[in-house]
K.L.:
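Sharing a structure, written as structure tokens. Questions coming.
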Amino acid sequence: NAGVTQTPKFRVLKTGQSMTLLCAQDMNHEYMYWYRQDPGMGLRLIHYSVGEGTTAKGEVPDGYNVSRLKKQNFLLGLESAAPSQTSVYFCASSSIASGAVGLFFGEGSRLTVL
Amino acid sequence: AQSVTQLDSQVPVFEEAPVELRCNYSSSVSVYLFWYVQYPNQGLQLLLKYLSGSTLVESINGFEAEFNKSQTSFHLRKPSVHISDTAEYFCAVSVTPGNQFYFGTGTSLTVIP
């Protein structure tokens with residue numbers, strides 16, 4: 001049982017390049033989330049999804065797009081990377097029943113934009 | 001939207017000493033409360049949670065947290081810390097329906113030998 005898996009774990013981009021982060025979960029969770037973690041700012045929600053085919057904006061959505069074509073996958077895209085997007089990105093999932101289960105996190109993806 | 005406040009960004013403590021990491025939240029409705037721990041270069045792991053019932057909850061590694069509704073707090077405590085407890089600790093609140101989770105900015109606990 002892998003839980004939540006993120007790929008890639010590390011990536012270096014030049015300003016203006018594009019990339020996609022992939023999140024996969026094998027727990028049949030309905031909810032999936034993308035967070036970014038920056039020093040002194042905790043975790044900030046970028047986008048989230050309440051089910052296959054649906055996505056919604058979080059606290060800091062600008063510059064990112066997401067897609068949830070399959071229930072187990074949640075993709076985070078950067079169309080034109082900027083140095084301000086240098087961060088550690090975490091994917092998480094949770095059960096739809098309630099918030100009682102809590103979030104299950106991936107190991108993180110460290111992105112550097114030069 | 002909810003807000004979660006962790007007043008202490010860094011907490012240094014000597015090994016075997018007690019520690020308290022503070023967490024306050026803003027909410028006038030029922031919430032679920034969580035503490036997560038993040039070891040260096042790893043993802044976040046659930047440490048403990050309060051859903052309902054007893055206001056004192058415990059983890060398997062000696063941490064405990066007490067839900068105080070009147071003070072809207074969920075402070076994390078451990079009577080005797082170990083070197084291995086050095087990590088970042090995040091308090092989080094979940095409000096239903098919606099499965100929205102709100103995080104504090106984290107407290108870096110450093111245990112000094």
Side-chain angles (χ1 to χ4, degrees), chain A residues 2-7 9-10 21 23-25 27 29-51 54-61 68 74 87-110, chain B residues 1-11 21-25 27 29-53 57 59 65 67 74 87-109:
Chain A
V4 179
T5 303
Q6 294 180 228
T7 54
K9 290 184 169 45
F10 300 93
L21 297 178
C23 176
Q25 54 96 3
M27 296 172 285
H29 285 170
E30 286 79 5
Y31 285 80
M32 295 188 75
Y33 313 76
W34 275 107
Y35 289 89
R36 60 177 289 174
Q37 182 181 25
D38 302 290
M41 306 197 69
L43 276 79
R44 293 181 292 170
L45 183 63
I46 304 171
H47 286 280
Y48 65 100
S49 169
V50 302
T54 68
T55 62
K57 294 180 179 180
E59 182 184 356
V60 288
R68 183 103 181 266
F74 194 30
S87 186
V88 181
Y89 292 86
F90 286 99
C91 177
S93 69
S94 73
S95 166
I96 197 172
S98 71
V101 174
L103 291 169
F104 291 80
F105 283 88
E107 293 285 309
S109 298
R110 185 175 296 275
Chain B
Q2 306 298 313
S3 69
V4 180
T5 303
Q6 292 181 248
L7 289 173
D8 306 306
S9 60
Q10 296 185 19
V11 174
L21 307 183
R22 295 180 291 170
C23 173
N24 289 88
Y25 64 94
S27 176
V29 299
S30 296
V31 297
Y32 298 126
L33 298 162
F34 305 84
W35 275 99
Y36 286 85
V37 59
Q38 183 182 32
Y39 299 104
N41 299 314
Q42 294 187 24
L44 280 74
Q45 305 170 30
L46 181 64
L47 185 61
L48 48 74
K49 59 186 178 183
Y50 169 79
L51 308 178
S52 63
V57 292
S59 71
F67 168 56
F74 191 54
E88 189 91 13
Y89 292 80
F90 291 93
C91 181
V93 168
S94 170
V95 179
T96 58
N99 268 37
Q100 290 296 303
F101 290 81
Y102 301 89
F103 284 84
T105 52
T107 297
S108 177
L109 174 64

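Note: hydrogens, waters and symmetry copies are ignored here, and every other heavy atom, side chains too, is used.
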K.L.:
Go through the atoms of R110(A) and report whether side chain, backbone, both or neither lie under 4.5 Å from a heavy atom of chain B.
P.N.:
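The side chain, not the backbone.
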K.L.:
Any donor and acceptor pair, going by atom type alone, linking the side chain of Y36(B) with main-chain N or O of L103(A) inside 3.5 Å?
P.N.:
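Flag set: sc Y36(B) to bb L103(A) pair under 3.5 Å.
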K.L.:
For the atom pair CD (Q37(A)) and CZ (F90(B)), what is the distance rounded to the nearest 0.5 Å?
P.N.:
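It is 4.5 Å, given to the nearest 0.5 Å.
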K.L.:
Counting only heavy atoms closer than 4.5 Å, note whether E59(A) contacts chain B via side chain, backbone, both or neither.
P.N.:
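Neither part; nothing is under 4.5 Å.
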K.L.:
If we only count heavy atoms from C-beta on, is the F101(B) to Y31(A) side-chain gap below 4.5 Å?
P.N.:
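SC-SC contact between F101(B) and Y31(A) ruled out.
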K.L.:
So, do L43(A) and L44(B) sit near enough that their side-chain heavy atoms are less than 4.5 Å apart?
P.N.:
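With C-beta onward as the side chain, the pair touches.
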K.L.:
Please state whether the side chain, the backbone, both or neither of Q38(B) comes within less than 4.5 Å of a heavy atom of chain A.
P.N.:
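For Q38(B), the contact with chain A is made by the side chain alone.
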K.L.:
Could you measure the distance from the CZ atom of F104(A) to the CG atom of L46(B)? Nearest 0.5 Å is fine.
P.N.:
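Between F104(A) CZ and L46(B) CG, I get 7.5 Å after rounding to 0.5 Å.
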